[in-house]
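What follows is a single structure, written as structure tokens, with notes after it.
Worth knowing before you read on, the calculation uses all heavy atoms, side chains too, and leaves out hydrogens, waters and symmetry mates.
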Amino acid sequence: MMIIVAISLMVIDSTIVKYIAFSNKEYPTPVYVSIFITLAVFFAGTVIVLLGFVKGKNSESELKRALSVKSTYLIIAVTQLVLIGIMVMIIQPTIAFKSYNTLSLLAVVFISHTTALFFLIMLVLTVVDWIMTKRDRILSLYTISFSLTAIAIMTSLLYTEQVLSHQPSNIRPSSFHSSMLNLPSAELTMSFGPVLDIISILSFVSVWIASAVLLSTYSRRIGKIRYWAIISIPLIYFLFPFEKNVVDIFRSLVVSSPVLYGVLNVTIFSATKQIGALLFSLVFLAASTLVTKHEMQKYLLISAIGMAILYGSIEIDTLLFATYPPFGVVTVSFMPMGSYLLFTGILLSARLVARDKELRMEFYNNAMSQMSLLKTIGVTEMEKQLMKGYKSIDKRTRSLEKDSSYEKDNVKEALHGLVDEMDTENAREILHEVLTEVYEKSRPKRKY
């Protein structure tokens with residue numbers, strides 16, 4: 001439900017300007033202001049609900065256990081409240097003075113992009129850390145996609161800031177058609193536009209491949225041909241608008257009926273990113289239906305919502321026109337929340353799998369392909385925590401060796417906290433090697 005609400009808000013917010021401009025149907029300004037206020041209110045409500053969902057009873061223990069997770073929650077809560085506050089600052093003069101300041105748009109763009117970039121970089125670093133422990137092709141694909149998405153966000157930030165900086169300082173009511181025709185700094189499109197398109201395509205394709213592989217189990221139920229035909233629809237739908245740069249099969253229609261072409265193009269291809277984002281979220285949505293542990297289901301749902309919102313919100317086309325009211329603001333403002341939910345959902349899922357033996361056994365006994373990703377990140381996180389604990393103990397024992405009062409009991413004390421937190425049943429062999437090595441260090445050296 002939250003995915004549908006968020007996607008619907010983003011589709012309406014990012015396409016209404018294009019549709020009205022191409023159809024040449026202008027409506028009274030109060031109608032546009034009412035629509036914008038409605039979108040802003042729904043945005044605020046959606047964000048508040050999502051923040052409450054993340055910090056539910058099932059997540060409180062993990063938030064308290066992990067200082068990093070608790071800190072990131074505070075960051076996203078403050079960020080989203082600031083963005084809601086800026087929207088209020090835009091709405092108030094829009095109603096009272098029939099104008100708003102362009103600095104408000106620049107603030108929204110900067111805060112949204114930098115916060116989303118922060119969480120995305122943290123996610124990339126986390127996944128890279130897992131890959132360094134255990135190489136996996138699906139994790140590699142996601143790392144590539146997340147990295148390209150981070151680059152796309154940086155490019156989007158530079159592009160949007162440059163264009164908006166050339167807009168008038170105060171935006172007043174004008175037709176959407178004239179706003180689209182009078183886009184300033186058009187020369188920037190020659191450099192930023194194609195680069196952003198290429199990065200977006202590469203990011204989309206890489207995460208599409210990962211999603212298709214993880215959902216491939218369903219090909220056994222419906223058949224390989226039917227499965228790949230269905231799974232290819234979002235990819236074709238996303239790539240088709242770029243055909244004008246290669247073939248341009250609708251050139252004759254553009255010349256003969258530009259209005260008809262514009263309306264059809266906006267109506268049919270207005271939600272390419274959002275539809276693709278829905279496909280990407282299906283990986284985690286499907287996985288949430290396959291696990292029995294409620295806490296794991298919640299983390300997977302958080303990941304699914306984050307995936308859908310993040311890849312659906314990287315849409316700046318409407319915002320560049322600085323229309324009155326500023327449509328496109330709501331879509332961009334979703335970006336930090338999507339990035340945060342994706343990072344938090346994946347991280348908490350891995351940590352839960354790492355410490356829950358029954359959950360890992362459930363994944364090992366389940367042949368569904370979605371489980372392989374969860375099993376990989378969970379086991380990798382467990383190994384990483386184990387090595388981190390071992391290195392800490394090893395460092396402590398080395399320092400204790402210098403003390404003449406060093407005894408075997410010191411080793412037991414050093415290992416006590418680690419052993420209590422470890423799943424000794426599954427890590428018995430590794431722990432045996434660790435204990436043996438540490439015990440050997442604790443024995444006094446004989447002099448011959």
Side-chain angles (χ1 to χ4, degrees), residues 1-7 45-74 76-77 119 123 126-127 130 138 142 211 214-215 217-218 277-278 280-310 337-382 384-385 420-427:
M1 184 183 67
M2 297 307 301
I3 290 176
I4 292 174
V5 170
I7 291 295
T46 303
V47 165
I48 292 172
V49 171
L50 288 174
L51 288 174
F53 179 61
V54 173
K55 197 179 180 182
K57 293 182 179 180
N58 291 51
S59 302
E60 287 181 358
S61 59
E62 188 62 53
L63 286 171
K64 292 178 180 178
R65 184 183 297 111
L67 180 61
S68 60
V69 177
K70 187 176 181 179
S71 301
T72 55
Y73 180 84
L74 180 62
I76 191 62
F119 288 119
L123 177 59
T126 300
V127 178
W130 289 336
I138 300 299
Y142 273 119
S211 302
L214 289 174
L215 293 171
T217 303
Y218 294 100
L278 283 175
F280 304 156
S281 67
L282 283 179
V283 173
F284 299 97
L285 282 175
S288 69
T289 65
L290 300 175
V291 296
T292 56
K293 192 176 184 65
H294 179 71
E295 192 175 2
M296 190 67 194
Q297 290 177 347
K298 179 177 179 177
Y299 295 157
L300 290 173
L301 287 176
I302 290 174
S303 303
I305 298 171
M307 183 70 81
I309 291 179
L310 176 62
M337 179 58 71
S339 184
Y340 166 76
L341 291 177
L342 184 60
F343 164 70
T344 303
I346 293 178
L347 181 62
L348 294 183
S349 297
R351 290 182 177 178
L352 180 59
V353 176
R355 70 172 189 268
D356 195 316
K357 171 188 171 183
E358 294 182 0
L359 196 57
R360 290 197 300 275
M361 293 301 296
E362 183 179 343
F363 292 164
Y364 276 109
N365 296 329
N366 196 319
M368 298 296 285
S369 54
Q370 296 94 321
M371 299 296 99
S372 62
L373 176 63
L374 298 173
K375 181 178 64 177
T376 299
I377 64 176
V379 173
T380 305
E381 178 68 15
M382 183 183 70
K384 189 185 75 171
Q385 293 299 326
D420 283 347
E421 296 179 1
M422 290 301 301
D423 187 347
T424 55
E425 190 68 27
N426 287 276

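Heavy atoms only, all atoms of each residue included: Ala304 and Leu285 are closest at CB-CG, 3.7 Å. Summarising the geometry of Ile7 relative to Ala308, their closest heavy-atom pair is CD1-O, 3.8 Å, with the distance given to 0.1 Å. Residues Val54 and Tyr73 share a closest heavy-atom pair of CG1-CD1, 4.1 Å.
Annotation: the span from Leu342 atom CG to Ile309 atom CD1 amounts to 10.5 Å, rounded to 0.5 Å. Note that CD1 of Ile76 and CE of Met337 are 5.0 Å apart. Values are rounded to the nearest 0.5 Å. Put simply, CD on Glu295 and CG on Leu300 are 11.0 Å apart, with the number rounded to the nearest 0.5 Å. For the atom pair Met307 CE and Leu282 CG, the distance stands at 11.0 Å (nearest 0.5 Å). Distance OG1/Thr72 to OH/Tyr340: 4.5 Å, rounded to 0.5 Å.
Considering only residues two or more places apart in sequence or on other chains, Ser211 meets the side chain to side chain contact (heavy atoms under 4.5 Å, CB included) condition with Tyr142, Val207, Phe280, Val283. Qualifying side chain to side chain contact (heavy atoms under 4.5 Å, CB included) partners for Ala277, counting only residues two or more places apart in sequence or in other chains: Tyr311.
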Inset, instruction - Decide side-chain contact (heavy atoms from CB on, under 4.5 Å) for Phe284 and Ile302; before the verdict, give the C-alpha distance in whole Å, the side-chain angles of both, and the deciding distance to 0.1 Å. - result: CA-CA 9 Å; Phe284 299 97; Ile302 290 174; over 6 Å; no
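The main-chain N or O of Phe53 is found under 3.5 Å from a side-chain atom of Lys298 such that the two form a donor-acceptor pair. Remark: the backbone N or O of Leu341 is not paired with any side-chain donor or acceptor of Thr344 at under 3.5 angstrom. A donor-acceptor pair is defined here as one N or O able to donate and one able to accept, closer than 3.5 Å; such a pair exists between the side chain of Ser303 and the backbone of Ile346. Although no hydrogens or angles enter the test, the distance criterion places a donor-acceptor pair under 3.5 Å between the side chain of Gln297 and the main chain of Val291.
Looking only at side-chain heavy atoms (C-beta outward), Leu348 and Leu352 stay at 4.5 Å or farther from each other.
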